[in-house]
Q: 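Before we start, here is the structure in question, set down as structure tokens.
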Amino acid sequence: MRSTNNKPVLLNVVGPTAIGKTKLAIKLAKHFNTEILSADSRQFYKELPIGTAAPTPEELAEAPHHFIHNRSISEDYNVGAYERDALKKLEDLFKTHDIVIAVGGSGLYIDALNEGLHSFPEIDQKVKEDLAAQFETHGITYLQETLKDLDPNYYNKVDLNNHTRLLRALEVCKSSGKPYSSFLEQEKPPRFFKSIYIGLEADRAVLYNRINLRVDYMMADGLLEEVKSVIDFRNHNALQTVGYKELFQYLDKELSLEEAIQEIKKNSRRYAKRQISWFRRNSKIIWVDFESPFSEVLKKVKSAL
RNA sequence: GGGUAGAUGGCCGAGUGGCUAAAGGCGGCAGACUGUAAAUCUGCUCUCGUGAGAGUACGUAGGUUCGAAUCCUACUCUACCCA
């Protein structure tokens, strides 16, 4: 089942949270007798099975999964590391499979996998801490002015209100002595596989209803206990996550349990909206209704091969 | 039955004669996104119109005024208090 140009195929299943990506990916994996590569920025943390809606043990048994529960929240992990690790895994999988399934709702991770990121220098931790401290004391203006000085090109492009972006760019500039934008100008090596994208969609009201219901299921499944078990790590990046942030607030007595649950639902809806925005601009995605019969999905996949 | 307070856009809530289609918040919609990305950030949100602009709007009905969400009268409803 190689693609027409004889490259192996990475079949990406994308879409907003709670729309049924996991289940579709498993069906596709079984059909093509292949394996699943997760492109989800939270499901690889083994301590967070409930709140991240990771595949259940039963689902994991249905098809081989990679990048699920293979990391700890105590580790620092990020897209760059993911791209490196996932690509290596993919090379392995393509030795024995012509088609592999990727599934995930993290747009940046999907893009990193399929298109690649530019290569950036290592960040000097001291530089990072210094910048954070400067931001703390001098505010965002400091970041803006420093960037204007170190990388005027990027200064003209970035969202100047977004401190996260400014910090990252400055970290690269200061660690490497070269402008951040100069790294973006480098040629990216082309992928050795062909990418196909299936996007699941649903009416907004239907999607929101599914999200709300899933939060209730998570609570019934013991999300609160899961959150309590990881509270010592609450400042780690891995826990800047919907479902955890809000329940930490409940444990801090800032919110009632009911309020916290409502916040989780709301923030999940907003997250879904951001995912939709991200995927909408990818014109390669073949969109299908989340309730489409599998045969129909399969037909669309095959016509894209 | 009497008294007091109140009634503002999907919701909460400010405004107390012109600068008000009406602050702010919430909710919603749309967008950005290259190593924190389930993060971070931006715009829009009465109706019609691409736009200029027009129309409708601050409980209801009248009134005062060049001009009213803002002042007056009556009525309706809500909350609390007295009987």
Side-chain angles (χ1 to χ4, degrees), chain A residues 15-19 21 38-45 48 50-54 73 75-87 104-125 128 131-132 135 140 143-144 151 154 157-172 175-176 179-188 204-205 207-208 211-212 214-215 218 223 227 235-248 259 262-282:
Chain A
T17 190
I19 202 162
K21 297 187 293 296
S38 170
D40 186 294
S41 70
R42 296 288 125 106
Q43 290 182 357
F44 41 60
Y45 295 115
L48 314 176
I50 299 173
T52 63
I73 49 174
E75 298 177 61
D76 277 325
Y77 203 60
N78 59 47
V79 224
Y82 170 78
E83 184 197 1
R84 186 195 60 219
D85 296 346
L87 217 52
S106 309
L108 181 63
Y109 282 59
I110 286 283
D111 288 356
L113 186 58
N114 288 277
E115 283 155 45
L117 303 169
H118 286 94
S119 69
F120 289 100
E122 284 296 308
I123 300 300
D124 181 336
Q125 280 312 302
K128 190 166 184 166
L131 280 165
F135 174 48
I140 199 160
L143 302 181
Q144 293 165 342
D151 189 351
Y154 194 59
K157 275 195 297 191
V158 247
D159 177 354
L160 292 170
N161 291 307
N162 195 328
H163 67 270
T164 310
R165 299 268 144 69
L166 301 180
L167 281 168
R168 166 68 184 157
L170 288 171
E171 285 163 12
V172 171
S175 294
S176 67
Y180 176 77
S181 55
S182 67
F183 295 94
L184 297 176
E185 286 158 8
Q186 296 167 339
E187 194 91 357
K188 284 188 289 189
R204 196 60 59 85
L207 176 65
Y208 283 5
I211 287 172
N212 295 341
R214 192 171 73 175
V215 172
M218 284 179 179
L223 179 58
V227 169
N235 293 323
H236 281 63
N237 176 48
L239 291 169
Q240 308 312 309
T241 300
V242 176
Y244 298 84
K245 290 183 294 184
E246 298 84 354
L247 287 173
F248 288 144
E259 286 168 336
Q262 292 310 320
E263 284 297 297
I264 294 174
K265 290 177 178 174
K266 180 184 79 189
N267 290 330
S268 299
R269 280 181 246 130
R270 289 178 167 177
Y271 169 49
K273 174 58 188 69
R274 275 178 269 132
Q275 291 175 297
I276 291 168
S277 284
W278 184 290
F279 292 126
R280 270 181 183 164
R281 70 176 179 176
N282 182 345

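So that the names make sense, note that chain A is the first sequence line, chain B the second, and so on, each numbered from 1.
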Q: Would you classify A:Arg84 as touching base, sugar-phosphate or nothing, given that sugar-phosphate means primed atoms plus P, OP1 and OP2, and contacts are heavy atoms under 4.0 Å?
A: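 Touches nothing.
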
Q: Describe the nucleic acid contact of A:Asp40 in one word from base, sugar-phosphate, nothing, applying a heavy-atom distance below 4.0 Å.
A: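 Counting heavy atoms under 4.0 Å across all strands, the contact made by A:Asp40 includes a base.
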
Q: Using the side-chain heavy atoms of A:Tyr208, tell me which of these nucleotides is nearest: B:U42, B:U34, B:G28.
A: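 Shortest atom-to-atom distance from the side chain points to B:G28.
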
Q: Cation over ring, A:Arg168 on A:Phe120, under 6.0 Å and within 45°?
A: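 A:Arg168 over A:Phe120 ring: yes.
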
Q: Are A:Lys245 and B:A39 close enough that a side-chain N or O sits under 4.0 Å from OP1 or OP2?
A: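 For B:A39, OP1/OP2 do have a side-chain N/O of A:Lys245 under 4.0 Å.
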
Q: Sticking with atom C1', work out how far B:G24 lies from B:G62, rounded to a whole angstrom.
A: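 So the two C1' atoms sit 34 Å from each other.
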
Q: Could you please name the option among B:A37, B:A39, B:G31 that lies closest to any side-chain atom of A:Ser277?
A: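 My answer, after comparing the listed nucleotides, is B:G31.
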
Q: With both distances under 3.5 Å as the test, what is the Watson-Crick or G-U wobble partner of B:A30?
A: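 For B:A30, the partner nucleotide comes out as B:U42, under the 3.5 Å rule.
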
Q: Is there a side-chain contact between A:Arg204 and the phosphate of B:A30, meaning an N or O under 4.0 Å from OP1 or OP2?
A: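 Checking B:A30 against A:Arg204, a side-chain N or O does come within under 4.0 Å of OP1 or OP2.
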
Q: Keeping the roles fixed (side chain from A:Glu115, backbone from A:Ala112), state whether a donor-acceptor pair exists under 3.5 Å.
A: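 Side chain of A:Glu115 to backbone of A:Ala112: no pair is present.
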
Q: Give a yes or no on this: more than 12 heavy atoms of other residues, nucleotides or ligands lie within 6.0 Å of atom CD of A:Glu185.
A: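 It does: A:Glu185 CD has more than 12 such atoms within range.
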
Q: Within the modelled atom types, does a donor on one side and an acceptor on the other bring the side chain of A:Arg165 and the base of B:A39 under 3.5 Å apart?
A: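 It does, because a donor-acceptor pair links the side chain of A:Arg165 to the base of B:A39 below 3.5 Å.
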
Q: Okay, side chain of A:Arg42, backbone of A:Leu239: is any donor-acceptor separation there less than 3.5 Å?
A: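 Checked: no pair found.
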
Q: When rounded to the nearest Å, what value does the distance between P atoms of B:U34 and B:U40 take?
A: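 B:U34 and B:U40 have their P atoms separated by 15 Å.
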
Q: If you check every side-chain atom of A:Ser106, which of B:U34, B:A37, B:G27 has the closest atom?
A: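 Output: B:A37.
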
Q: Taking only N and O in the side chain of A:Arg274, is any of them less than 4.0 Å away from OP1 or OP2 of B:G31?
A: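 No, outside the criterion.
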
Q: Is the backbone N or O of A:Glu246 less than 3.5 Å from a side-chain atom of A:Glu263, with the two atoms forming a donor-acceptor pair by type?
A: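 It does not hold such a pair.
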
Q: Considering every strand and a 4.0 Å limit on heavy-atom distances, what is the contact class for A:Tyr109: base, sugar-phosphate, or nothing?
A: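 Sugar-phosphate contact only - A:Tyr109 comes under 4.0 Å of backbone atoms but never of a base.
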
Q: Applying the Watson-Crick and G-U wobble criteria at under 3.5 Å, what pairs with B:U76? Answer none if nothing qualifies.
A: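 Matched B:U76 with B:A7 under the 3.5 Å cut-off.
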
Q: Between B:A39, B:U36, B:A37, spot the one nearest the side chain of A:Leu108, thanks.
A: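 Nucleotide nearest to A:Leu108's side chain: B:A37.
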
Q: Taking the P atom in each of B:U47 and B:G3, what is the distance between them to the nearest angstrom?
A: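 It works out to 42 Å between them.
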
Q: The side chain of A:Arg168 lies closest to which of these nucleotides: B:U34, B:G28, B:G35?
A: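 For A:Arg168, the side-chain atoms sit closest to B:G35.
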
Q: Under 4.0 Å between a side-chain N/O of A:Asn162 and OP1 or OP2 of B:A39, yes or no?
A: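 The answer is no; no side-chain N or O of A:Asn162 sits under 4.0 Å from OP1 or OP2.
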
Q: Would you say a side-chain N or O of A:Lys273 is under 4.0 Å from OP1 or OP2 of B:G31?
A: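 Yes, A:Lys273 has a side-chain N/O under 4.0 Å of OP1/OP2 on B:G31.
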
Q: Which listed nucleotide (B:U34, B:A30, B:A37) is nearest to the side chain of A:Asn78?
A: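 For A:Asn78, the side-chain atoms sit closest to B:A37.
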
Q: What is the nucleic acid contact for A:Arg280, judged by heavy atoms within less than 4.0 Å: base, sugar-phosphate only, or nothing?
A: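 The residue A:Arg280 makes sugar-phosphate contact but no base contact.
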
Q: Could you check whether A:Ser268 gets within reach of a base, just the sugar-phosphate, or nothing at all, counting any heavy atom under 4.0 Å?
A: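 If one applies the 4.0 Å heavy-atom cut-off, A:Ser268 turns out to touch nothing in the nucleic acid.
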
Q: NA contact type, A:Gly243, heavy-atom cut-off 4.0 Å: base, sugar-phosphate, or nothing?
A: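 A:Gly243: no heavy atom of the nucleic acid under 4.0 Å.
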
Q: Between B:A22 and B:G13, how far is it from one C1' atom to the other, in whole Å?
A: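 B:A22 and B:G13 have their C1' atoms separated by 12 Å.
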
Q: Return yes if a side-chain donor-acceptor contact under 3.5 Å exists between A:Arg214 and A:Thr17, otherwise no.
A: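 Distance-only check passes for A:Arg214 and A:Thr17.
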
Q: A:Trp278 side chain: which of B:C29, B:A37, B:U36 is closest?
A: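 Closest nucleotide to the A:Trp278 side chain: B:A37.
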
Q: Can you name the nearest heavy-atom pair linking A:Gln275 to A:Gly15, along with the distance?
A: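 The answer is NE2-O, 4.0 Å.
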
Q: Assign A:Lys128 to base, sugar-phosphate, or nothing according to its heavy-atom contacts below 4.0 angstrom with the strands shown.
A: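 Sugar-phosphate contact only - A:Lys128 comes under 4.0 Å of backbone atoms but never of a base.
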
Q: Ignoring hydrogens and angles, does a donor from either the side chain of A:His118 or the base of B:U34 sit under 3.5 Å from an acceptor on the other?
A: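 For A:His118, whose side chain was compared with the base of B:U34, there is a donor-acceptor pair (under 3.5 Å).
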
Q: Quick one: is B:G35 close enough that its OP1 or OP2 comes under 4.0 Å of any side-chain N or O from A:Tyr82?
A: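 False: A:Tyr82 side-chain N/O out of range (4.0 Å or more) of B:G35 OP1/OP2.
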
Q: Please report the distance separating the C1' of B:G28 from the corresponding atom of B:U76, rounded so that it comes out in whole Å.
A: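 Between the two C1' atoms, the distance is 32 Å.
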
Q: Looking at B:U42, B:U34, B:A37, which one has an atom nearest to any side-chain atom of A:Asn161?
A: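 Ranking B:U42, B:U34, B:A37 by closest atom to the A:Asn161 side chain puts B:U42 first.
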
Q: Considering only side-chain heavy atoms of A:Leu167, which listed nucleotide, B:C41, B:U36, B:C29, is closest?
A: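 Nearest nucleotide to the side chain: B:U36.
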
Q: Nearest to the A:Gln240 side chain among B:G35, B:U40, B:A39, which nucleotide is it?
A: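 Out of B:G35, B:U40, B:A39, the nucleotide with an atom closest to A:Gln240's side chain is B:A39.
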
